[in-house]
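Below you'll find the structure, written out as structure tokens, and then a few comments.
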Amino acid sequence: MTDARRISSRRLPGLAPWLFISPWILGFFLFTLGPMIFSLIMSLHDWPVVGERKFIWFDNYTTMLTQDPRFWESLGITAKFALVFVPLNIALSFLLAVLLNVKVRGTSLFRTAFYLPSIISGVALVMIWKWIYSKDYGLLNYGLSLLGVDGPNWLGDPNWSILAIIIASLWGLGGTMLILLAGLQSIPKELYEAARVSGVPAWAQTVYITIPMLSPMLLFTFITSLISAFQQLTIALLLTKGGPTNSTYFFAMYIYDNAFKFHDMGYAAAMSWVMFLIILTLSVLVLKYSAAWVHYEGEAKGGGNG
Amino acid sequence: MILRGLGLAGLAILGLKKSFGTVDVLKGIDLEIREGEFISFLGPSGCGKSTLLRCIAGLEELTEGAIQLGGREITDLPSAKRDIAMVFQNYALYPHMNVRKNMAFGLSLNGMPGVEIDTRVRNAAEILRITELLDRKPRQLSGGQRQRVAIGRAITRQPKLFLLDEPLSNLDASLRVTMRAELSALHDRLGVTMIYVTHDQVEAMTLSDRVVVLDKGRVAQFGHPLELFHRPANLFVAGFIGSPQMNFLTAKVEGQTADSITVSLNGAALTIPTLGHAPVDPARPVTLGIRPDRLEIADEGQLTGTIRLAERLGTENHLHIALSSGGSVVVITDGTHPARAGDQVKLRIPPADAHVFDADGIALPRRLDAATEALISEPEGPADPA
Ligand SMILES: Nc1ncnc2c1ncn2[C@@H]1O[C@H](COP(=O)(O)OP(=O)(O)OP(=O)(O)O)[C@@H](O)[C@H]1O
Ligand SMILES: [Mg+2]
């Protein structure tokens, strides 16, 4: 005890705070910043898993952008996926959150039920969906047949496969829903009562009160959904393996293949950096243009009781 | 149901009961409020003031009973159709809208023409002196300014009835005094019926034409503020109104006439005039009430005791006295009175100032001197156009 005090106060003033923060700093350098820098260096190399590494400047990047149609294809598929998934994910989460925010008996049961898929292992989830989507024995097509509809080959038909993946991905919206639900519950109920007294109809309460008050959460879920859309891998990998005819060959899967199938670590690292830059750019753009529609109560000073 | 003596916008509450599940919060409320009156709902925390107000506002469904406004049944009408406006304790301003929008929001969604809305917002802003704040967001306002905006929003609805739920309780003491005066002025200016919920008796006493004292979901008394003070209907009101609290002493009935009652207190007899009362059961003890400022330190008195604590407030002293007969009382004396802690004193109860409550806690009607009687007699319908 006395030793420690002597060290911190005389020989090394200011050491104590660094000691306290060191677990985080170590973690950050070892597991976040370190690998990032390492992968950046990798991306400037021809880096086979075994064999000689060669520094090739930006060759990986130029190859990707100019001579690799698969890069563009997979990026296109990912963009298409994101374009449908992100709005749907947020809209459905919002809808569910609003429904679950209504005080009726059994609400907590439903809350748990909707969140359940988010805590199940992704692999187990995929196995369930495989069975649901199966052309001849699947639950989905059985249900459709009851309605007299001849269901498509969900996972085998390039026209349907991406939709199948979107639906399966939406299954995990519990997390998004939970964030929005927490947001809904933090809106003071007097706002709605004041609106009721002034005769504001329910739809207008949603549009003019709920959504603006929820906007910081909506922005947050927008960005996290965007990120998870670009990182989509597990479900596609296990459900369709990118097929049929590459119709679900996502960008992240191409990175995965480059690294672990084609053993071209340098190229995979370069692609990861491109993905990082795309997500970063999109997030920055979203944040920049969100100022117009996002309302932060937190800016208020002494506005806690409002 | 026929209403007696109600102005056009009078409010009548008939047999109102409200339960949440198995909890009975309001247990049968009957009230008749005249047009233009300023009414306070006063009572301790949890007595059901807010619930009653919310029932009137249509934010809670009644379990039983009916509400009429201006002779019109509004019990089952949605809030918006009741011709009321409400000001919430925490203001309930829409934080993402500026002041102008906050006031105009409800109106514009009800299809009111923009010109009309503009006029109303401008009028309300002028009345409340917030014109220069119209383009600010609520978070850029002080507490008092927010409160004004909330009141402004209510004014723009031009309601028949204003409902205010502890609108000043979030403000600091000096601002409360200012806003109290402004509310009073606003009421005079608009002449509209206002119901004001508070647990602060000073607010209720100073602002109101009449006060409803609520106790555990029942109306304990409904009357002129000074009537509550000088002629409390029961032990609850007697103890609740006035600070420090009225002193209560147990006494025995010795005899009674039609308009006086003689009780004995530690052997001393005391004859207290009443306004005429139903005979009291002499076998059961009564409670004698005397306000601290009416107890006198004298050479001869019915009570003796020792001063335990003397609080000197400058203009007056609050003396906490342990009685030799058991129990304790508080006496207010002039600030220059020399009494000190440890002193033995004798206390005299002036009979005309004593309140008598029967064994069930109901007051025997007090006989008051003419001047006080004039003070507490209700002014005829304040907004009576005649
Ligand atoms: N929604 C509700 N569900 C169940 N009980 C409620 C509900 N609202 C109020 N109560 C109960 O009703 C009683 C009266 O509540 P109310 O809010 O009317 O009190 P109040 O007189 O306004 O008190 P305060 O001065 O603290 O605001 C309380 O005991 C409260 O617990
Ligand atoms: Mg209340």
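Note on naming: letters A, B, ... go to the chains in the order of the sequence lines (proteins, then strands), and numbering restarts at 1 for each one. Worth knowing before you read on, the calculation uses all heavy atoms, side chains too, and leaves out hydrogens, waters and symmetry mates.
- In this structure, chain A has a heavy atom under 4.5 Å from the backbone of B/Ala85, while its side chain stays farther away.
- For the pair A/Ala194 and B/Arg153, the tightest heavy-atom approach, listed with the atom from each and the gap, is CB-NH2, 3.5 Å.
- Closest heavy-atom contact between A/Leu191 and B/Tyr94: O-CE2, 3.5 Å.
- Within a 6.0 Å radius of CZ in B/Phe20, more than 12 heavy atoms belonging to other residues, nucleotides or ligands are found.
- Residue B/Ala80 comes nearest to A/Gly199 through the heavy atom pair CB-CA, 3.1 Å, listed as atom of the first residue, atom of the second, then distance.
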In sequence, state the C-alpha distance, the side-chain angles, and the governing distance for A/Glu193 and B/Arg54, and then conclude on side-chain contact (heavy atoms from CB on, under 4.5 Å).
CA-CA 10 Å; A/Glu193 293 181 340; B/Arg54 293 167 57 82; 2.6 Å; yes

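- The local environment of CH2 in A/Trp171 is sparse, with at most 12 non-hydrogen atoms from other residues, nucleotides or ligands closer than 6.0 Å.
- Within the 4.5 angstrom heavy-atom criterion, atoms from both the backbone and the side chain of A/Tyr208 approach chain B.
- The minimum heavy-atom distance linking B/Ser79 with A/Arg196 is given by the pair CB-O, 3.8 Å.
- When atom types are taken as modelled, the side chain of B/Asn110 and the backbone of A/Ser198 share a donor-acceptor pair closer than 3.5 angstrom.
- Open room surrounds CZ on A/Phe220; 12 or fewer heavy atoms of other groups in view lie less than 6.0 Å from it.
- Within 6.0 Å of CD in B/Glu61 there are 12 or fewer heavy atoms belonging to other residues, nucleotides or ligands.
- When the candidates B/Thr156, B/Leu59, B/Leu109 are compared by the number of heavy-atom contacts under 4.5 Å with chain A, B/Leu59 comes out ahead.
- Atoms CE and NE2, from B/Met97 and A/His295 in turn, are 10.0 Å apart once rounded to the nearest 0.5 Å.
- Contacts of B/Phe88 with chain A are made by side-chain atoms alone, with heavy-atom separations under 4.5 Å and no backbone atom involved.
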